[in-house]
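The next block holds one structure in the form of structure tokens; read it before the comments.
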Amino acid sequence: MNLHKSIKASHRTFAKKHLKRRAVPLAALAVATCMTVPVLAVGVDIYEISDGVTTERVSLFQEDAQAALAKSSFGAEEYTILSVVETSDDEFTVTIKEKYDVSIVADGSTTVCHTGDNTVENILRQAGVKLGEEDIVEPSLDTTVTEPGQIKVTRVTKEQKTQTQAIPFTTETRTTSELYVGDSRVAQEGVNGVEEITMEYTYYDGEQVSCTQVGSQVVTQPVTKIIENGSKQPTVQTSGGSSVTYSKVLTVEATAYSGGGKTASGTSARVGAIAVDPRVIPLGSRLYITSADGTSWVYGYAVAEDTGGAIKGNRIDLYYNSEAQCNSFGRRTAKVYILN
């Protein structure tokens, strides 16, 4: 502020203090003035206010464009100031614009705010609309509104809920020599675990729009199911007192034959070369054959080398050297151990 403006401000301050009380003798005023600064005329600010169509001049004993607008016929209630330009000492050009209505949609209702050009944030503050941290405002808060329109406030709320769900158990397979091959057992039952899942639900104006997992915690660990499969080979006690392992045992109907010749495998028919159904006992299989009770009679070691038209399914034909032996054997139930 230059010297002239400083002097003018001093005169204004003095005038406000004394003119509002009672009339002061001119001589006294002059003396008081002379005691502070040289005598100058108290200035008046001139405001040329225009809305682009109509222009009005307003004089004020203060530098306040808003007060000048309020004093004008335009009025501060219906117009807002766009710019103030000082054209010369004590003279200002004020550009104004008529206010307009902006609708604010929030909380299920519509509020009308009569305003001038301003940011969305200031308009909401002017309308007394408070925002939450997650609320969505359209247009954005820093957008400047320059015409009638609408501001949409979407209330965003979030809620977290915890729920439990099962953790499926896994299954583990082991071998054990305590069981024979082909046998199995459940050594440990499986138990599902328990997990707590925290879900966050997001609502727009009370309507759910999303659901997101935001956390999890295992409450109970699952218990693995353990299945044991036998690896122990079964054995059969031979007539010679030794033990031999086998992979499979069959109960069959046994008959006997003799007469020599060649087997289906091309070998010579002999004791120990027996006829089988290859669909049940593959040719070439090493066998050990006894009575059903394992003690009444023993044929012993044998090899599946021959076949026969009547040997179908669980039937075998044992070779003996004589017809008499075959007749003596007849038809019996036998156990066939298929050896490893």
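By convention here, the first residue in the shown sequence is residue 1. Predicted model, so just to flag it, every value in this text is computed and none were measured.
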| field | Atom of A304, atom of P282 and distance for their closest heavy-atom approach | value | CB-O, 3.7 Å
| request: Please check if the side chain of K97 supplies one atom and the backbone of T146 the other of a donor-acceptor pair under 3.5 Å. | output: yes
| said: Would you say that more than 12 heavy atoms from the other residues, nucleotides or ligands in this model lie under 6.0 Å from the CD of E77, or not? | reply: no
| Angle class for the Y337/Y288 ring planes (parallel below 30°, perpendicular above 60°, tilted otherwise)? | tilted
| field | Test item: side-chain donor near acceptor, S72 and E56, under 3.5 Å | value | no
| task | Please report the shortest heavy-atom distance between D51 and F74, naming the atom on each side. | result | OD2-CE2, 3.6 Å
| request: Return yes if a side-chain donor-acceptor contact under 3.5 Å exists between T175 and N229, otherwise no. | output: no
| Pairwise side-chain contact, V120 with R125, heavy-atom cut-off 4.5 Å (strictly under) | no
| said: Is any side-chain heavy atom of S268 closer than 4.5 Å to one of K262? | reply: yes
Side-chain donor-acceptor pairs of residues 160-168 under 3.5 Å, sequence neighbours excluded:
from, atom 1, to, atom 2, distance (Å)
Q160, NE2, E200, OE2, 3.3

| request: May I ask whether V336 and V298 are part of the same hydrophobic cluster, defined by side-chain heavy atoms of I, L, V, M, F, W, Y residues being less than 4.5 angstrom apart, directly or through others? | output: no
| task | Taking the six-membered ring for Trp and the full ring for Phe, Tyr or His, determine whether the centres of Y319 and Y257 are under 6.0 Å apart. | result | yes
| query | With distance as the sole test, does Y47 use its side chain to make a donor-acceptor pair with the main-chain N or O of D64 at under 3.5 Å? | reply | yes
| Should R270 and E305 count as an ion pair when the cut-off is N to O under 4.0 Å? | yes
| message | Are the side chains of V271 and N321 in contact, using a 4.5 Å heavy-atom criterion? | response | yes
| query | Does one side chain, of N118 or Q126, offer a donor that lies under 3.5 Å from an acceptor on the other? | reply | no
| task | Verify, without hydrogens or angle tests, whether S291 (side chain) and S296 (backbone) share a donor-acceptor contact under 3.5 angstrom. | result | yes
| message | Can you confirm whether I46 sits close enough to S59 that some side-chain heavy atom of one is under 4.5 Å from a side-chain heavy atom of the other? | response | yes
| message | Please check this pair: side chain of Q188 against backbone of T224, looking for a donor-acceptor N/O pair closer than 3.5 Å. | response | yes
| query | Does any non-hydrogen side-chain atom of V156 lie less than 4.5 Å from one of Y204? | reply | yes
| message | Could you check whether K152 pairs with E138 (Lys NZ or Arg NE/NH1/NH2 to Asp/Glu carboxylate O, under 4.0 Å)? | response | no
| field | Smallest separation among heavy atoms of E323 and S258, with atom names | value | OE1-OG, 3.4 Å
| task | Taking D45 for its side chain and F61 for its backbone only, find out whether a donor-acceptor pair lies under 3.5 Å. | result | no
| Between D306 (side chain) and A264 (backbone), is there a donor-acceptor pair under 3.5 Å? | yes
| said: Between T176 (side chain only) and E178 (backbone N and O only), is there a donor and an acceptor less than 3.5 Å apart? | reply: yes
| message | Which heavy atom of L318 sits nearest to which heavy atom of F329, and what is that distance? | response | CD1-CZ, 3.7 Å
| task | Report the distance from atom CG of L82 to atom CG of D117, rounding to the nearest 0.5 Å. | result | 5.5 Å
| field | Sub-4.5 Å side-chain heavy-atom contact between I123 and V145 | value | yes
| query | Quick one: does E91's side chain have a donor or acceptor within less than 3.5 Å of a partner on S88's backbone? | reply | no
| For A310, does its backbone N or O pair with a side-chain atom of R315 as donor and acceptor, under 3.5 Å? | yes
| task | Quick one: closest heavy-atom pair of L179 and E228, and the distance? | result | CD1-O, 3.8 Å
| Heavy atoms, side chains only, cut-off 4.5 Å: are Y203 and T157 in contact? | yes
| query | Is the backbone of S247 close enough, under 3.5 Å, to the side chain of N340 for a donor and an acceptor to pair up by distance? | reply | yes
| message | Testing the basics here: between S103 and T110, what is the closest heavy-atom pair and its distance to 0.1 Å? | response | CB-CG2, 3.9 Å
